[in-house]
Every structure is written in C-alpha cells, then in structure tokens.
Amino acid sequence: MSINLILLGPPGVGKGTQAQILEKKYGLVQLSTGDMLRAEVKSGSELGKQADEIMKSGQLMPDAVMLEIIAARLQQPDCEQGFILDGFPRTVPQAEGLDKMLAKMQKKLHAVIEMQVDDGVLVKRIAGRFSCKNCGTVYNDFFRTPTQENMCDHCGHDEFNRRPDDNEATVKDRLAVFHQQTAPLIPYYQQTGILQAIDGMAEINNVTDAFDTLVAQYS
C-alpha cells in the first residue's frame with residue numbers, strides 16, 4: 001500500500017530532515033515544488049517551457065500549472081510507493097485543486113502532518129545557528145556553543161560561517177508569511193479528518209518516533 005503525505009511547517013522546523021528519514025524507511029518520494037519546477041524546465045517539455053517563461057517574467061506560478069507539474073511527477077514509477085509533499089499546498093485554493101487532481105488520479109491523501117512550533121524558539125534556532133568553516137559541524141548561539149570559544153569541538157578549526165538570511169528579522173518575516181498562508185489550511189484539513197499534529201520543537205529522535213507512530217497506521 002502506498003502512503004501519501006503532506007508536511008506542514010515553517011522553514012527551519014525540520015521538515016526536510018524528517019522527509020529524508022521517511023523516504024529511506026518507507027520508500028516514499030519527497031516532492032518539493034522547487035525541485036519539481038526545475039526538473040520540468042530541464043526536461044524541455046511543453047509544460048516546462050511554459051513554467052520557464054512564467055518564472056523568467058517574474059510572475060507567480062499559477063496554481064493550475066503547478067498542479068499539472070505535480071500530476072506529471074506523480075505518474076513517474078518512483079512514486080508508486082507513495083509521496084511526501086513539502087511546500088504545497090500553501091493556500092486553500094491550492095488544497096482544493098490538489099484534492100480534485102488526486103481524486104481524478106484515484107490517489108488518496110492519507111495524512112497532513114503539521115509540525116507545530118513555538119515561534120520564539122524557532123527564531124533562536126535559525127537566527128543563532130552557525131557552522132564550522134572546515135568540517136561543517138553546526139552550532140547555535142543559544143543552544144550549542146563550542147566547548148572552547150572560537151574553536152570547533154570536532155576539528156579544532158577557528159573559523160565559522162553564518163548564512164546571510166539566518167537573522168532575526170528575516171526569520172520573523174518568513175514566519176509571518178508562513179502563518180498567513182498556512183493558518184487557513186489547518187481548519188480545511190481538520191474538517192476532512194486527516195490532519196495530524198507533531199511537536200516540531202522536540203528532539204530530532206523524538207520527532208522521528210512521532211512520525212513513525214503516525215505513518216505506521218497507514219503502512
């Protein structure tokens with residue numbers, strides 16, 4: 001039996017990490033809108049050419065085009081075991097369009113999993129992170145600093161990197177957009193009975209265990 005899921009959660013909550021674990025454990029395919037768009041454009045298909053023109057013009061991708069791209073991707077053999085949609089839908093009209101598309105393809109959406117977060121903690125988690133320039137070990141100003149100041153615990157290197165967009169103002173803006181777009185999806189999926197919630201602030205292993213408990217219901 002295939003398992004089809006949607007992951008909801010703001011940037012930095014760990015959706016990508018959990019999706020990769022689910023991919024390996026259950027043979028699912030993680031589908032991100034960005035990856036699907038790039039692949040379709042690269043393929044040179046008519047749909048890809050249309051999407052490329054839209055992106056180059058700076059316009060937002062119409063829901064109908066995105067749904068066509070998702071439908072084409074779901075028909076590929078590697079999606080037979082199931083899929084994880086990450087980044088779509090973002091709005092209720094997109095969710096309605098997705099429901100109609102899946103019904104037409106005779107595919108069932110088993111669960112929409114909301115990774116719930118505390119905004120204040122998430123801001124610290126993202127805005128405070130930095131990594132060793134040499135080995136990539138990740139640290140955080142609030143939760144995990146090097147044992148010896150300015151020296152990586154793993155390799156002893158003394159230079160670190162910070163992503164330019166990992167700052168408090170940018171993270172708060174991204175969270176505001178997420179909540180504005182996603183809030184209406186919660187009652188939409190609640191009324192269908194497939195919305196599930198997981199504590200996205202828990203330790204990674206605990207979050208993984210919670211995902212396992214949910215997904216085991218459908219496997």
Distance-only, no hydrogens or angles: does the [X] side chain make a donor-acceptor pair with backbone N or O of [Y] under 3.5 Å?
| X | Y | value |
| --- | --- | --- |
| K15 | G9 | yes |
| Q94 | R90 | yes |
| S45 | V41 | no |
| H110 | N4 | yes |

Heavy atoms from other residues, nucleotides or ligands near [atom1] of [X] exceed 12 (cutoff 6.0 Å):
| X | atom1 | result |
| --- | --- | --- |
| I186 | CD1 | yes |
| Q217 | CD | yes |
| Q180 | CD | no |
| E168 | CD | no |

Requested in this report: Look at the aromatic rings of F160 and F130 and report parallel, tilted or perpendicular, splitting at 30° and 60°.
Outcome: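 The arrangement is perpendicular - the two ring planes meet at more than 60°.
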
Which atoms form the tightest heavy-atom contact between [X] and [Y], and what is the distance?
| X | Y | answer |
| --- | --- | --- |
| G82 | S2 | N-CB, 3.7 Å |
| L74 | L31 | CD2-CD1, 3.5 Å |
| R174 | P11 | NH2-CB, 3.1 Å |
| L28 | E23 | O-CG, 3.2 Å |
| E40 | A72 | OE1-CB, 4.4 Å |
| V171 | A127 | CG2-N, 4.4 Å |

Residue pair [X] / [Y], side-chain heavy-atom distance below 4.5 Å:
| X | Y | result |
| --- | --- | --- |
| L7 | E114 | no |
| V121 | F142 | no |
| L22 | V215 | yes |
| D199 | V207 | no |
| M105 | M101 | yes |
| T137 | Y139 | yes |
| C135 | H157 | no |
| P93 | D63 | yes |

If you round to the nearest 0.5 Å, how far is [atom2] of [Y] from [atom1] of [X]?
| X | Y | atom1 | atom2 | value |
| --- | --- | --- | --- | --- |
| Q181 | H179 | CD | NE2 | 11.5 Å |
| T33 | L85 | OG1 | CG | 9.0 Å |
| M66 | I54 | CE | CD1 | 10.5 Å |
| Y218 | Y26 | OH | OH | 12.0 Å |
| D99 | L67 | CG | CG | 10.0 Å |
| M115 | M201 | CE | CE | 8.0 Å |

Could you verify whether a donor N or O on one side chain and an acceptor N or O on the other, from [X] and [Y], lie under 3.5 Å apart?
| X | Y | value |
| --- | --- | --- |
| T170 | N167 | yes |
| Q18 | T208 | yes |
| N134 | H154 | no |

State yes or no: do [X] and [Y] share one hydrophobic cluster built from I, L, V, M, F, W and Y residues joined by side-chain heavy-atom distances below 4.5 Å, directly or via other members?
| X | Y | result |
| --- | --- | --- |
| I194 | I84 | no |
| Y189 | I70 | yes |
| Y188 | L5 | no |
| M61 | L98 | yes |
| V92 | I6 | yes |

Requested in this report: Determine the sole option in N206, I113, V13 for which the side chain to side chain contact (heavy atoms under 4.5 Å, CB included) test with I198 is passed.
Outcome: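 It is I113, the one option of N206, I113, V13 that forms the side chain to side chain contact (heavy atoms under 4.5 Å, CB included) with I198.
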
Report task. Run the numbers on S32 and D35 for side chain to side chain donor-acceptor pair (under 3.5 Å), then give the verdict. Result -> CA-CA 5 Å; S32 72; D35 290 344; 2.9 Å; yes

Query - Among R125, R129, R162, K124, the one residue meeting salt bridge (Lys or Arg N to Asp or Glu O under 4.0 Å) with D141 - result: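 Filter result, single survivor: R162.
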
Query raised in the report: How far apart are the C-alpha atoms of D78 and R73, what are their side-chain angles, what is the distance that settles it, and do they pass the salt bridge (Lys or Arg N to Asp or Glu O under 4.0 Å) test?
Result: CA-CA 9 Å; D78 62 342; R73 181 67 182 88; 2.8 Å; yes

Query - K49 bridged to E46 by N-O distance under 4.0 Å - result: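 Salt bridge flag = yes for E46 with K49.
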
Report task. Please determine if K25 and D212 form a salt bridge, counting it only when a charged side-chain N lies under 4.0 Å from a carboxylate O. Result ->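 So K25 pairs with D212 through a salt bridge.
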
Give the table of side-chain donor-acceptor pairs shorter than 3.5 Å for residues 143-151, with sequence neighbours excluded, one pair per line with atom names and distance.
from	atom 1	to	atom 2	distance (Å)
R144	NH1	V138	O	2.9
T147	OG1	D153	OD1	3.3
T147	OG1	D153	OD2	3.2

